[in-house]
Amino acid sequence: MGDARAGSSVSAVLDAIAWRWGEIDAALVGDEVHLAHRHGGARLSVRDGRLVRGEGYAEASPEARRDLARVGAIVRLRQRGRYLVHAAGAVDLQGRAWLLAGDSGCGKSTLGYALTRAGWTSLGDDGVLIESVGAGFHAHAWRESLKVSAGLASEFPELHGDAPRARRSDPRQRMSVSAPVAPTGARVAAVVFLARSDRHSIRRLGQVAALGALVRQSPWVIIEDSYSRPHLDVLRRVASLPVFHLEHTPAELHTIDRVLTEAIA
């Protein structure tokens, strides 16, 4: 990561916000992306494939630097043909990658952890990178610890001793858990969009519905730059894979491995 002092030209650019992600505002100049944290104004740019620190970055809080670095990494990897999908990922016993996608709170981390208890390996908790490789796609881990709610100790007894580690400031009382991590990327077998429900159902989505759901969970595709077309093309092709909508109940915490593998049997 390089250093550069942001001048008045960058300040002017950031007056014209092109998009926003969480606490980060972004502006574009060609294929350069200038990022600013909404609290304190610390800045980071993505320039020529590198992350370049700007004004206020060194003095910013660790949380602000982490927010900036995360978004900067997403942009940088996108320029290299690896696209982040808001999903948990797991690799099954046959070495195939599954993406569990959806909005926050839909059960991605919980079911991802349930799969590791069935012998699968984890590809990530809240984000998975996808890349076009030959005629298919590989999923790569976005290195973040797997987090599940302490309230699931009744379903996962091994959590009882770890419950005090849950963040009190987190309304979902999540805590980091140990889980086997896939050592390398794996070929994507299917994508599953999740929804909590009081009844279980799984159905396959058509390509149009699948593409719409993928765009929602990989929203950087709408950034108006030279990388948007290849990003959209990858999502369009991923939508031609088996893509499912799964409504799940607590019962699936103990059967999710069978639910998924039977879906493409």
Side-chain angles (χ1 to χ4, degrees), residues 73-74 77-78 80-102 106-148 152 155-156 158 176-195 200 202-207 210-211 213-214 217-218 230-231 233-248 251-265:
I74 291 169
L77 288 164
R78 179 175 178 268
R80 298 182 177 187
R82 291 189 174 189
Y83 308 104
L84 189 73
V85 177
H86 186 211
V91 178
D92 67 18
L93 302 181
Q94 287 72 49
R96 303 172 299 185
W98 294 73
L99 273 60
L100 308 178
C106 70
K108 299 184 297 296
S109 301
T110 302
L111 291 180
Y113 178 64
L115 288 169
T116 67
R117 298 177 84 247
W120 296 29
T121 52
S122 175
L123 272 175
D125 170 65
D126 201 39
V128 176
L129 295 162
I130 56 172
E131 177 183 27
S132 177
V133 178
F137 306 92
H138 275 208
H140 303 275
W142 179 262
R143 300 293 182 181
E144 290 186 339
S145 61
L146 197 61
K147 298 182 181 67
V148 298
L152 289 168
E155 300 287 348
F156 305 142
E158 67 274 15
S176 296
V177 293
S178 297
V181 177
T184 61
R187 193 177 183 89
V188 178
V191 182
V192 184
F193 290 95
L194 304 176
H200 164 70
I202 186 167
R203 60 183 174 86
R204 185 159 179 173
L205 297 180
Q207 289 191 27
L211 178 58
L214 282 164
Q217 302 306 330
S218 190
H231 189 166
D233 182 61
V234 165
L235 296 184
R236 184 184 296 113
R237 291 165 54 210
V238 170
S240 67
L241 297 174
V243 179
F244 301 94
H245 182 267
L246 170 64
E247 295 186 4
H248 61 97
E252 279 71 62
L253 294 176
H254 306 286
T255 62
I256 185 60
D257 57 323
R258 296 197 301 274
V259 170
L260 298 186
T261 52
E262 289 173 3
I264 61 171

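In terms of heavy atoms, Gly95 sits closest to Ala186 at O-CB, 3.5 Å. Minimum interatomic distance between Cys106 and Ala101 (heavy atoms only, all atoms of both residues): SG-O, 4.0 Å. Gly89 and Val128 get closest at one heavy-atom pair: N-CG2, 3.6 Å. Gly119 and Leu93 make their closest contact through O-CD2, 3.4 Å (heavy atoms, listed as atom of the first residue, atom of the second, distance).
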What pairs of donor and acceptor atoms, side-chain ones from residues 234-246 against any protein atom, are under 3.5 angstrom apart with sequence neighbours left out?
unit_1: Arg237; atom_1: NH1; unit_2: Ser132; atom_2: OG; d: 3.1
unit_1: Arg237; atom_1: NH2; unit_2: Ser132; atom_2: OG; d: 3.2
unit_1: Ser240; atom_1: OG; unit_2: Arg237; atom_2: O; d: 2.5

Identify all side-chain donor-acceptor contacts of residues 257-265 below 3.5 Å with residues at least two apart in sequence or on another chain.
unit_1: Thr261; atom_1: OG1; unit_2: Asp257; atom_2: O; d: 2.9
unit_1: Thr261; atom_1: OG1; unit_2: Arg258; atom_2: O; d: 3.4

For residues 107-115, please give each side-chain donor-acceptor pair under 3.5 Å, one per line with the distance, not counting sequence neighbours.
unit_1: Lys108; atom_1: NZ; unit_2: Gly102; atom_2: O; d: 3.1
unit_1: Lys108; atom_1: NZ; unit_2: Asp103; atom_2: O; d: 3.2
unit_1: Ser109; atom_1: OG; unit_2: Asp125; atom_2: OD1; d: 2.3
unit_1: Tyr113; atom_1: OH; unit_2: Glu158; atom_2: OE2; d: 2.5

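The distance from the CD1 atom of Ile256 to the NE2 atom of His248 is 7.5 Å, given to the nearest 0.5 Å. Between Leu253 atom CG and Leu152 atom CG the span is 6.5 Å, to the nearest 0.5 Å. Atoms CD1 and CG, on Ile130 and Leu123 in that order, are 12.5 Å from each other to the nearest 0.5 Å.
Judged as a ring pair (Phe, Tyr, Trp, His ring centres under 6.0 Å), and not counting sequence neighbours, Phe193 has no contacts. Every side chain to side chain contact (heavy atoms under 4.5 Å, CB included) that His138 has, sequence neighbours left out, goes to Val133, His140, Arg187. In this structure, the side chain to side chain contact (heavy atoms under 4.5 Å, CB included) partners of Leu77, at least two apart in sequence or on a different chain, are Arg82, Leu129, Trp142.
Pro180 places none of its side-chain heavy atoms less than 4.5 Å from the side chain of Trp120.
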Discussion item. Please evaluate residues Asp126 and His86 with respect to the criterion side chain to side chain contact (heavy atoms under 4.5 Å, CB included), reporting the C-alpha separation (whole Å), side-chain torsions for both, the decisive distance (0.1 Å), and the verdict.
Written reply: CA-CA 6 Å; Asp126 201 39; His86 186 211; 2.9 Å; yes
Practice prompt. Test side chain to side chain contact (heavy atoms under 4.5 Å, CB included) on His200 and Glu247 and set out the steps.
Written response: CA-CA 5 Å; His200 164 70; Glu247 295 186 4; over 6 Å; no
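A distance-only check finds no donor-acceptor pair linking the side chain of Thr121 to the backbone of Val181 [under 3.5 Å].
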